[in-house]
Structure formats: C-alpha cells, structure tokens
*Asks:* 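After the structure tokens below, expect a handful of questions from me.
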Amino acid sequence: MTPALPARPLSIYIVAAEESADALGAALARSLVAQGGALELSGIGGQAMAAAGIASAVPIGEFSLFGLLSILRRLPAILRRVREIADTVVAVRPDALVVIDSPELTHRIARRVRARAPEIPILDYVSPSVWAWRPGRARAMRAYIDCVLAILPFEPAAHLRLGGPPCLYVGHPLIERIAELRPDAREATRRRTNPPLVLLLPGSRASETRRLLGIFGAAIERVGNSAGPLELVLPTVPHLEGKVREETAGWSVRPRIVTDPAEKGAAFRQARAALAASGTVTLELALAGVPTVAAYRLPLIEEIILRLTLPQTGLHSVILANLVIGENIIPEFLQRDCTPDNLARALLPLLSDTPQRLRQTEAFQRLDDIMALGTAPSAKAAAIVLDVARRGRRDLAVAMSRDAGDRLSALTRQGGNRL
C-alpha cells in the first residue's frame, strides 16, 4: 500500500499597503500561527509583518502617497505593482487571500485575482467606509470579496442594508490596547486633581494642524480665563513637532508637546477632558473615558462634496465615537461652527462635575458591551480566515447560503477556529 502523502499546510497570503494595515497584518499573522499551527504565510507588508515572519518583496513606502498630484505622477508605477502583486498571488494559489484596508489599492488586486483565479477565497480586513462615502461600493464588492472582517460594530448591518458581501464584526484594533488607555488608581486620582489636565489633539496631518491649532489655542485661552490654571498636553507626530512648537510659542498657556507614544498614553489616562480633531482619536478618547469636544475644518471643495453626500448616508454624526455609541454624545463643531467661542463653551463644563460631563462618561461605559471587549480582534479575525481557508470558496458560499451568519457571529464572540 502506498503511504498517504502528508497534508499540505494551509497557505494564506496577506496584503497590507500602509503602516496601520501593516500592524493589523502582523497581529493577524501571529494569531494565525497560534491557532493554525503549521502554515505557509506570505504577502506584502512592512516592518511589523516582517517581524511576524512575512517578508515583503515590495516596500510599502511606494504606496504612501498623499495628494492628487503625487498620486497621478506615480499612477503608472502603482498600477504596475498592482499587476505584479496579483500575478504573484495567482502563482502562489493560496488557500485564502486577505487584503487589509487601502481599498483603492487592495481592491484592484482583489479584482484581478478574482478574474484569473476565481477559486481563491478573498477576505477584506477593514471595511471601506461604504456607510459614509460611495455606498454603491458595497454591492460592487460582492463580485470579488467573499467576506468582510469589520472593525466597527455597525458595519455588518450597513453592508446588509447596502447589499454588500457577508460582513462580520471582529473588533477594533484599539481593543488590543485597552490597558494602555485606562487609568490605574494613581492616574484616576490625577484626573480629579487640579489643575485639570486637558488634551489637545489637532490632528496628525499638517493640513489638519494648520487649520485647527490656532482655533484650539484661542479656545483654550477663553477656557483658562474662566476655569483658572490648566495643564495642557499636546501629542503630535515627530515630523510636525517643530511647526507645532512654533505655532504654540505665543500661547498664554503653553502646552507640553509630546511625541513619545508612552507619554501620550500617560496623558490619555490622566486627562480630565480633551479638545480633538474628528477621527479615530475620538473613539480612542471615549474608550479611555475622557470627555471630549470634537472639531474639524475642511477645504471648501471637500465641504461642498460632504454637504452633497452626507444627507444620502443617513448618518447622524461624523464623529466616529458617536457613530459607534449610536447617539450624538460628543459635541461636534464643523466648518463655520468650529470657532473658539463655540469650542470653549462646550469644553468648559467638561472640567467639573456637570450633567454634560456625566452624560459622556456614562455613555462611554457602554462601549465595552457595544464593541464586545474580550477576545482580541486579531484572534477573531484569524479564526474566520482559517475556517474560510479550510472550507474553500465553494463551501463558504454554501455555508453562507444556509444562514451561517449566526454561527460565524458566534465564532467571532468566542474566538474559536470553526464555524
């Protein structure tokens, strides 16, 4: 009798084209190995994925482009890379392909792979914001995405409403950093101690900082005139530190500017309140339990586009924390409403025990249930990826057609590795 050949290890290919996706890809790779044992992992990523054992043949810095002109100049080279990556995936024939975020790039790769190797299951880790922008993308994704791994709890319902592919909530990566955000007893005492520590977060892009920093400074001056002494902490990124120091040099209350992630984390755990640009940071602050006022200013052309498209989405807010909670808990001041007087009036009551502060802190306490804190998101994502890889695309379609969504949702809650 001819001895049976040993089973071939599962092969999974991961594509991440920028730094945050690289971090997600690295966490996913580690969880895949922890749950799946012997695997063949390959893909495109950065330093984090390389440290997790996936060496990239393509430097992801090639895709880190900002602004329409820089993208247009590099477009032929980018499209060539898309073709090369898709060719590699087709040649490798993995048991599953996982594309992470950056849909303008990764979905091009997914479409090419689906056209040439339709048997390969394709998962999209991090849903495009179809609930806020170009909702027609959801239905279009069904042609080349078999399953979406969502990081926001309302996204599965959004895909269902919009006719998108099966979508499962695995959890936001902030969940894996929850211990870094929440205070210990000493830090909680500092939150209650005067002078109150106020976080200023005018954004991580030069354009955001340019539009918001002066307004934030004027608002803080007004708050200080009413509330008395304040301790200000302004986290920023290293390449903006010089400009931020220059812009804040004339403030009546000078902020302590920090670029070290550990110092930023300590400030989050001790802050009494925050004034922040709209973005993921509002969810980070909510998970940290820091009452917040959110603000944003866009260039005129982007404002026009937003005003034309926002009513079609049915969104009640543009603040991520509000969307996750399902209520307008964090006050938001956009465009012409983003003024020093408006920001100061909203921030001042958050510094003491007021109904406005209590409303936010009580709402933030619901986030643990809303976001299903517990099993790490990367472990939930890995469980689904492994099950899809084992089933294959045809069996996955059958499972979905038999209403396996409930069992998959249970799988994401339990962190198991089977449907």
*Asks:* Side chains of W131 and E155, heavy atoms from C-beta outward: is any pair under 4.5 Å?
*Replies:*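 Sidechains of E155 and W131: in contact.
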*Asks:* Backbone N or O of Q335 within a donor-acceptor pair of the R297 side chain at under 3.5 Å?
*Replies:*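 Checked: pair present.
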*Asks:* Looking at CG of D95 and CG of L10, how far apart are the two atoms once the value is rounded to the nearest 0.5 Å?
*Replies:*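 The distance works out to 5.0 Å.
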*Asks:* Got a salt bridge between R116 and D87, using NZ or NE/NH1/NH2 to carboxylate O under 4.0 Å?
*Replies:*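 Here R116 pairs with D87 in a salt bridge, since their nearest N and O are under 4.0 Å apart.
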*Asks:* State the OG-CZ distance between S129 and R134, to the nearest 0.5 angstrom.
*Replies:*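 Answer for the OG-CZ pair, S129 versus R134, is 11.0 Å.
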*Asks:* Under 3.5 Å, is there a donor-acceptor pair between the side chain of R108 and the main chain of E104?
*Replies:*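 Pair found, side chain donor or acceptor close to backbone of E104.
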*Asks:* Taking all non-hydrogen atoms of both residues, which atom of N328 and which atom of R359 are closest, and how far apart?
*Replies:*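 Heavy atoms of N328 and R359 come nearest at O-NH1, 3.2 Å.
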*Asks:* Do P183 and Q270 have side chains that approach each other closer than 4.5 Å (heavy atoms only, starting at C-beta)?
*Replies:*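 No - every pair of side-chain heavy atoms lies 4.5 Å or more apart.
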*Asks:* Report the distance from atom CG of L28 to atom CD1 of I14, rounding to the nearest 0.5 Å.
*Replies:*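 Answer for the CG-CD1 pair, L28 versus I14, is 4.5 Å.
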*Asks:* Should P331 and N342 count as side-chain neighbours, where that means a heavy-atom distance under 4.5 Å?
*Replies:*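 Heavy-atom side-chain distance check fails, nothing below 4.5 Å.
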*Asks:* Looking only at non-hydrogen atoms, find the nearest pair between P195 and R190 and report the distance.
*Replies:*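 Residues P195 and R190, closest heavy atoms: O-NH2, 2.8 Å.
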*Asks:* Counting C-beta onward and ignoring hydrogens, is there a side-chain heavy-atom pair between F216 and T248 closer than 4.5 Å?
*Replies:*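 Not touching, per the 4.5 Å side-chain cut-off.
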*Asks:* Provide the closest heavy-atom pair for D124 versus V99 in the form atom of the first, atom of the second, distance.
*Replies:*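 Shortest heavy-atom separation between D124 and V99 comes out as OD1-O, 3.3 Å.
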*Asks:* Atom OG1 in T282, atom CG in L287: separation rounded to 0.5 Å?
*Replies:*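 One gets 9.5 Å once the value is rounded to the nearest 0.5 Å.
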*Asks:* Okay, side chain of S278, backbone of A294: is any donor-acceptor separation there less than 3.5 Å?
*Replies:*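 Pair absent, no side-chain N/O of S278 close to backbone of A294.
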*Asks:* Main chain of K243, side chain of E247: is a donor-acceptor contact present, judged purely on distance under 3.5 Å?
*Replies:*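 Not a single qualifying donor-acceptor pair exists.
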*Asks:* Of all the heavy-atom pairs spanning P202 and A277, show the shortest one and how long it is.
*Replies:*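 For P202 and A277, the tightest heavy-atom pair comes out as C-CB, 3.8 Å.
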*Asks:* Check the pair L320 / L152 against side chain to side chain contact (heavy atoms under 4.5 Å, CB included), numbers first and verdict last.
*Replies:* CA-CA 9 Å; L320 184 56; L152 296 172; 3.7 Å; yes
*Asks:* CD1/I54 to CG/L41 distance, rounded to the nearest 0.5 angstrom?
*Replies:*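 So the gap between those two atoms works out to 5.0 Å.
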*Asks:* If you measure only the distance, is there a donor-acceptor pair under 3.5 Å linking the side chains of E332 and Y296?
*Replies:*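 E332 vs Y296: no donor-acceptor pair found between side chains.
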*Asks:* Ignoring hydrogens and angles, tell me if any N or O in the side chain of S42 forms a donor-acceptor pair with the backbone of E40 under 3.5 Å.
*Replies:*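 No, the answer is negative, given that no donor and acceptor are paired below the 3.5 Å cut-off.
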*Asks:* A side-chain contact here means heavy atoms from C-beta on lying under 4.5 Å apart; do L343 and I215 qualify?
*Replies:*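 Yes, at least one pair of side-chain atoms sits under 4.5 Å.
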*Asks:* Between D146 and L123, does the side chain to side chain contact (heavy atoms under 4.5 Å, CB included) criterion hold? Intermediate values first, please.
*Replies:* CA-CA 6 Å; D146 297 300; L123 301 96; 5.9 Å; no
*Asks:* Enter the distance from R161:CZ to F154:CZ here, rounded to the nearest 0.5 Å.
*Replies:*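 If we round to the nearest 0.5 Å, R161:CZ and F154:CZ are 10.0 Å apart.
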*Asks:* Any idea which heavy atoms bring A379 and Q35 closest together, and the distance?
*Replies:*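 Smallest heavy-atom distance, with atoms named: O-NE2, 2.9 Å.
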*Asks:* Can you check whether M49's main-chain N or O pairs, donor with acceptor, with D22's side chain at less than 3.5 Å?
*Replies:*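 Yes, the answer is positive, given that a donor and an acceptor are paired below the 3.5 Å cut-off.
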*Asks:* For R177, is the CZ atom crowded, meaning more than 12 foreign heavy atoms sit under 6.0 Å from it?
*Replies:*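 Yes, the 6.0 Å shell around CZ holds more than 12 heavy atoms from other groups.
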*Asks:* Do side-chain atoms of R269 reach the backbone of E180 as a donor and acceptor pair under 3.5 angstrom?
*Replies:*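 Checking the backbone N and O of E180 against the side chain of R269, a donor-acceptor pair under 3.5 Å is found.
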*Asks:* Can any side-chain N or O of T209 pair as donor or acceptor with the backbone N or O of A206 at less than 3.5 Å?
*Replies:*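 Not confirmed, T209 side chain does not pair with A206 backbone.
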*Asks:* Would you check if H172 and T280 make a side-chain contact, meaning some heavy-atom pair closer than 4.5 Å?
*Replies:*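 Heavy-atom side-chain distance check passes, below 4.5 Å.
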*Asks:* So, does Q360 use its side chain to make a donor-acceptor pair with the main chain of R357 at under 3.5 Å?
*Replies:*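 Such a contact is absent between Q360 side chain and R357 backbone.
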*Asks:* Using side-chain hydrogen bond (donor to acceptor under 3.5 Å, both in side chains) as the criterion, point out the one residue from R114, H107, R112 that pairs with Y144.
*Replies:*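 Single pass found, and it is H107.
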*Asks:* Quick one: are F364 and L285 in side-chain contact, heavy atoms under 4.5 Å?
*Replies:*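 Counting from C-beta outward, F364 and L285 never come under 4.5 Å.
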*Asks:* Any Lys/Arg nitrogen of R182 or D368 sitting under 4.0 Å from an Asp/Glu carboxylate oxygen of the other?
*Replies:*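 Yes, R182 and D368 are salt-bridged.
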*Asks:* If every non-hydrogen atom of E18 is compared with every non-hydrogen atom of S102, which pair is closest and at what distance?
*Replies:*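 Scanning both residues, the minimum pair turns out to be CG-OG, 3.2 Å.
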*Asks:* Are the side chains of I120 and R93 in contact, using a 4.5 Å heavy-atom criterion?
*Replies:*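 Touching, per the 4.5 Å side-chain cut-off.
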*Asks:* So, R191 side chain and A271 main chain: donor-acceptor pair closer than 3.5 Å or not?
*Replies:*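 At least one qualifying donor-acceptor pair exists.
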*Asks:* Quick one: do R245 and E241 make a salt bridge, cutoff under 4.0 Å?
*Replies:*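 Yes, charged N to carboxylate O under 4.0 Å.
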*Asks:* Dump the intermediate steps for side chain to side chain contact (heavy atoms under 4.5 Å, CB included) on V198 and L350, then the final yes or no.
*Replies:* CA-CA 10 Å; V198 178; L350 301 184; over 6 Å; no
*Asks:* Run the side chain to side chain contact (heavy atoms under 4.5 Å, CB included) check on F333 and L275 step by step: do they pass?
*Replies:* CA-CA 11 Å; F333 298 94; L275 182 55; over 6 Å; no
